[in-house]
Visitor: 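Take this structure first; my questions come after.
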Amino acid sequence: MSDLHLSIYSQHWLPHYGDKEGDLHLFAKKVLPYIQPGAVIMGGDLVDAKTLFMQGHQYRQEWEDYRNVLESFKEATGLPEEALLDVRGNHDAFDIPDRNQDWYTQYAAQGRRNSTSRVTVFPLYAPAEQGFLPTKKGCAAAVLVGLDVSPQPGLRGPTNFAGICGPALLQEMDAVLTAADTKFRADGCSPVFLAYGHHPLSTILHPDVPFWRQIDRTSPLTIYGKLSQHGVQAYVNGHLHSVFGQRLHMVHKSYAQGRLLELETAAWKDDRRFRLMTVDNGTFSFTDLMFNTPSKPVTKGVAPPPAPTTPDNITISGIDTHVVVSNFIVALTSPPDARYSPVIKPAKGPASPTSFDTVRALVLPIATGAVATKVEVLWRCEEAKLEGSISMMRQKGPAPLYSAPWSTKVSCGPPKPKGTHVIMLQIIASEPDGQVSKSNVQQIIASEPDGQVSKSDVQQIIASEPDGQVPKSDVQQIIASEPDGQVPKSDVQQIIASEPDGQVSKSDVQQVALYTHKSGGSQLVVPRKPFPMTNKSLEKFMLWLDWTRTFNKLFMIQCFTHLVCMLLLPKALRKYITPDRPHTIPSAAHVTPAIQIPAKTQPAEADQAGSVDNVQGGALSGQTSHADVSTQGGLLSWVMWAPTILCDMAAVPQIWWPQVLYSMYVPFGPWFAARFLSSQPLGLFLSQGVLLSPTAEASWRWLPCADTLMLVNRFTFFTMLPGTLWLAGVVSHWYAFTPSYSPLHTSPFIFASSYSSLHVGPYIFASSCLPHHILPFYHVCG
């Protein structure tokens, strides 16, 4: 889980976010004892660390509350503290001058173990015979790699949102991952490497890589490339809550033709979201669920929670309607979901299984006495509109793991030499009162000679019990091969676990790949390419785009536009765009406008308007300012409006030169001064980062920061560029409406007042977020 945001002002925010801490203790009491995980990951933003006025500030009470949550988790699961894995988020690093002396090191589980390392490794072993908890015997099933990319020092908001990964962190990652891989390989083990952190990869700044340098995302100069280089299969994170969607998932192309799966999870603060992750013989799977309590906020964009059936009004639901949890949490562990696999040809680490002879699922009871008496796999191939079922048996051992051999007679069509068919899988466990808990949906793919891919819909596993009361899935059908080896395609596959009274719990529906052999029969496989995901375009876009580099490029483009396109080019091309204008404005003489618009007058008035000496309202009749040309002159005037008024402004050196100097100052000069750390002197805000003032312990320190670019891009786009056009319009207005008065007399006042007003926006924004001792820099050109 991620983004707990425990706050001392919880009562104030209770109507908006509910009782976050109380729900965590309920989760430890109602869910964790039954799941019995091998490890629990808290992916950052453990505390809120903000005042009621949204200023970054650390409170000891919040960290004490978080420690109480950790103790509840330890008591509920029986896990040692080393299996509680937490990592800093940006809120945990608010206003922290020294990360080695903050409250994270005193109260967080990882902080107590090793506060100096930013890369941690935790091996996860298979369950022990005496219980469901992992032991350190044999080979590790997975290696969990924690990454802390919070800035050092941790500034106050709004300059502490993006993560930062410099050369030192990359070197530490390389050393730690290489040592772990060498150690396990020496023991003859090939565990799956899974990474976790707080920041998505798209929000991490690499200050040593210039924004203009075109590098591949898999380059070892980036954290993305370093993870894929060492064969890490998945990176799970938080940070973005559900602002951009509920399914921020993406499969990135990775090192050596492999792939890296990135999974952002919504916040516990907003959605009470938690993720159940499993590793089954090298196969990684996950299920996203929500813990619904009376105080939980309403979550938008997901299926509504089921009606509570217990006195405490607590339920668990998925983000899709087909996921239902009553007395079981059901998760398909193998084969993997083809939308989130494969990881092909990793440079280091184990190769994932490529084919599967069995279907395996966890049926986790979350109620005392809940026992599944019958489990089946329901499968459906949508292409052939056929479906069937396969009985599952519980495996020996304490874990409620069920498996069934895959029937080679199941197929979705003729063989494909370069492709596979798609089958949907779902696991269903029946419960006493008839309630249904659904798992995720998987698809199975079957290849045919022509390489086309046929997709199915759902696959479920059903467990019936002795009384024969088995809840039905959509349709169940048994498929038999024909002499030519072409097998009719199925539609849905489900896994259902029945109890004496016929209640049903269903897993999430997953897409699995099915390969059809030329000689007949089929086999579950990992596809060559992942299947298309069902998430929205915005959800994919947020993880695909490198936001830190993009903000930098946008800022430089806007600065180039302002200096070159709006100032230098109009100065150089003025004699071509406005040939009727002199290069400098006379002190007291009317000049004919570059674009003349005939006055809309009556015929009798037109003759009178021919007199040059007739001035109406301070302007010559029949003439308009360039600022008003676009309203009367048609398409040409619309096109020429901006160049014309900019050329007019270029004729006023007292206005044009200060803007040139200002445009050159904005990318490099300080914008304002503020206390970015409450315990240290004022620092300087620049477009590319923050310059911290010297202290007794350190001299001037430069801290690259992508968050400053968020502010300066808003300023240049909404204030500086429009402000320059407005100033040019004022100058152009003088030409037609003040023929006997020179703008030279008032230009210093106009420029100083206008460009001072341009700083009002950033000043208000900064003073609201950094209110202590803000000193705006009114630049010398003002």
Side-chain angles (χ1 to χ4, degrees), residues 37-41 79-85 87 109-110 113-148 165 167-197 218-220 222-236 254-261 277-285 333-334 336 341-356 397 399 526:
V40 177
I41 297 175
L79 289 172
E81 182 148 332
E82 63 179 3
L84 301 178
L85 311 176
V87 65
Q110 179 58 37
R113 290 192 296 269
N114 188 350
S115 61
T116 59
S117 177
R118 302 181 67 179
V119 182
T120 60
V121 171
F122 176 76
L124 187 63
Y125 293 85
E129 296 181 357
Q130 64 272 19
F132 199 38
L133 299 179
T135 63
K136 294 185 178 180
K137 296 180 180 180
C139 289
V143 176
L144 306 180
V145 182
L147 301 176
D148 181 359
C165 179
L169 179 57
L170 292 175
Q171 292 174 6
E172 185 177 358
M173 287 177 59
D174 203 13
V176 171
L177 292 176
T178 300
D181 181 72
T182 302
K183 175 183 180 299
F184 289 112
R185 285 183 177 273
D187 297 336
C189 302
S190 296
V192 174
F193 278 70
L194 306 173
Y196 64 92
T218 61
S219 168
T222 66
I223 188 172
Y224 173 92
K226 192 64 68 176
L227 289 173
S228 59
Q229 180 183 6
H230 287 275
V232 176
Q233 293 193 9
Y235 174 65
V236 296
S254 183
Y255 187 85
Q257 300 181 357
R259 291 178 178 86
L260 174 66
L261 173 61
M277 298 181 289
T278 63
V279 177
D280 187 358
N281 293 327
T283 300
F284 171 74
S285 300
T333 63
S334 178
S341 63
V343 177
I344 303 176
K345 298 179 181 179
K348 294 182 179 181
S352 299
T354 58
S355 62
F356 304 86
V526 173

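The residues of the chain are indexed from 1 along the displayed sequence. Since this is a predicted model, take the numbers as computed values, not measurements. No hydrogens, no waters, no symmetry mates; every other heavy atom, side chains included, goes into these values.
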Visitor: If the condition is side chain to side chain contact (heavy atoms under 4.5 Å, CB included), which residues does I41 pass it with, not counting sequence neighbours?
Guide: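 Applying side chain to side chain contact (heavy atoms under 4.5 Å, CB included) to I41 gives L85, L144, Y196, M277.
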Visitor: Quick one: which of L124, D181, V143 gives a side-chain contact (heavy atoms from CB on, under 4.5 Å) with P191?
Guide: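 When L124, D181, V143 are each tested with P191, the side-chain contact (heavy atoms from CB on, under 4.5 Å) holds only for V143.
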Visitor: Apply side-chain hydrogen bond (donor to acceptor under 3.5 Å, both in side chains) to T182 and list each qualifying residue two or more places apart in sequence or on a separate chain.
Guide: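 None.
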Visitor: Where is the tightest heavy-atom contact between D187 and C139, given as atom of each residue plus distance?
Guide: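 Scanning both residues completely, I find the closest heavy atoms to be O-SG, 4.4 Å.
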Visitor: A side-chain contact here means heavy atoms from C-beta on lying under 4.5 Å apart; do L260 and Q233 qualify?
Guide: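 L260 vs Q233: side chains apart.
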Visitor: Can a donor-acceptor pair be found between the side chains of D280 and T333 at a distance below 3.5 Å?
Guide: yes
Visitor: Holding to side chain to side chain contact (heavy atoms under 4.5 Å, CB included), I want the full list of residues that pass it with V176, two or more places apart in sequence or in another chain.
Guide: V119, V121, E172
Visitor: Can you find a heavy atom in the side chain of D174 that is under 4.5 Å from one in the side chain of K226?
Guide: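 Touching, per the 4.5 Å side-chain cut-off.
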Visitor: Quick one: closest heavy-atom pair of L147 and L227, and the distance?
Guide: CD1-CD2, 3.8 Å
Visitor: Is any side-chain heavy atom of T178 closer than 4.5 Å to a side-chain heavy atom of H230?
Guide: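 Yes, close enough: below the 4.5 Å cut-off.
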Visitor: Just verifying a value: how many Å separate Q110 CD and R118 CZ, rounded to the nearest 0.5 Å?
Guide: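 Separation between the atoms: 13.0 Å.
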Visitor: So which atom in F184 and which in P123 form the shortest heavy-atom distance, rounded to 0.1 Å?
Guide: CZ-CB, 3.7 Å
Visitor: Would you mind reporting whether I223 and Y235 have side-chain heavy atoms less than 4.5 Å apart?
Guide: no
Visitor: Answer yes or no: is there a side-chain heavy-atom contact under 4.5 Å between V40 and L79?
Guide: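 Side-chain contact under 4.5 Å: yes.
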Visitor: State which residues pass side-chain hydrogen bond (donor to acceptor under 3.5 Å, both in side chains) with Q171; sequence neighbours excluded, sorted by chain then number.
Guide: none
Visitor: Hey, what do you get for CZ (F193) to OG (S228), rounding to the nearest 0.5 Å?
Guide: 14.0 Å
Visitor: Is any side-chain heavy atom of L177 closer than 4.5 Å to one of Q229?
Guide: no
Visitor: If the condition is salt bridge (Lys or Arg N to Asp or Glu O under 4.0 Å), which residues does E81 pass it with, not counting sequence neighbours?
Guide: R67, K74
Visitor: If every non-hydrogen atom of P336 is compared with every non-hydrogen atom of F284, which pair is closest and at what distance?
Guide: CB-O, 4.3 Å
Visitor: Would you say V145 and F122 make side-chain contact, with heavy atoms under 4.5 Å?
Guide: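 V145 vs F122: side chains apart.
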Visitor: Under the side-chain hydrogen bond (donor to acceptor under 3.5 Å, both in side chains) test, which residues partner N114, sequence neighbours left out?
Guide: T116
Visitor: Any side-chain heavy atom of V279 sitting closer than 4.5 Å to one from L194?
Guide: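 In short, these two side chains touch, coming nearer than 4.5 Å.
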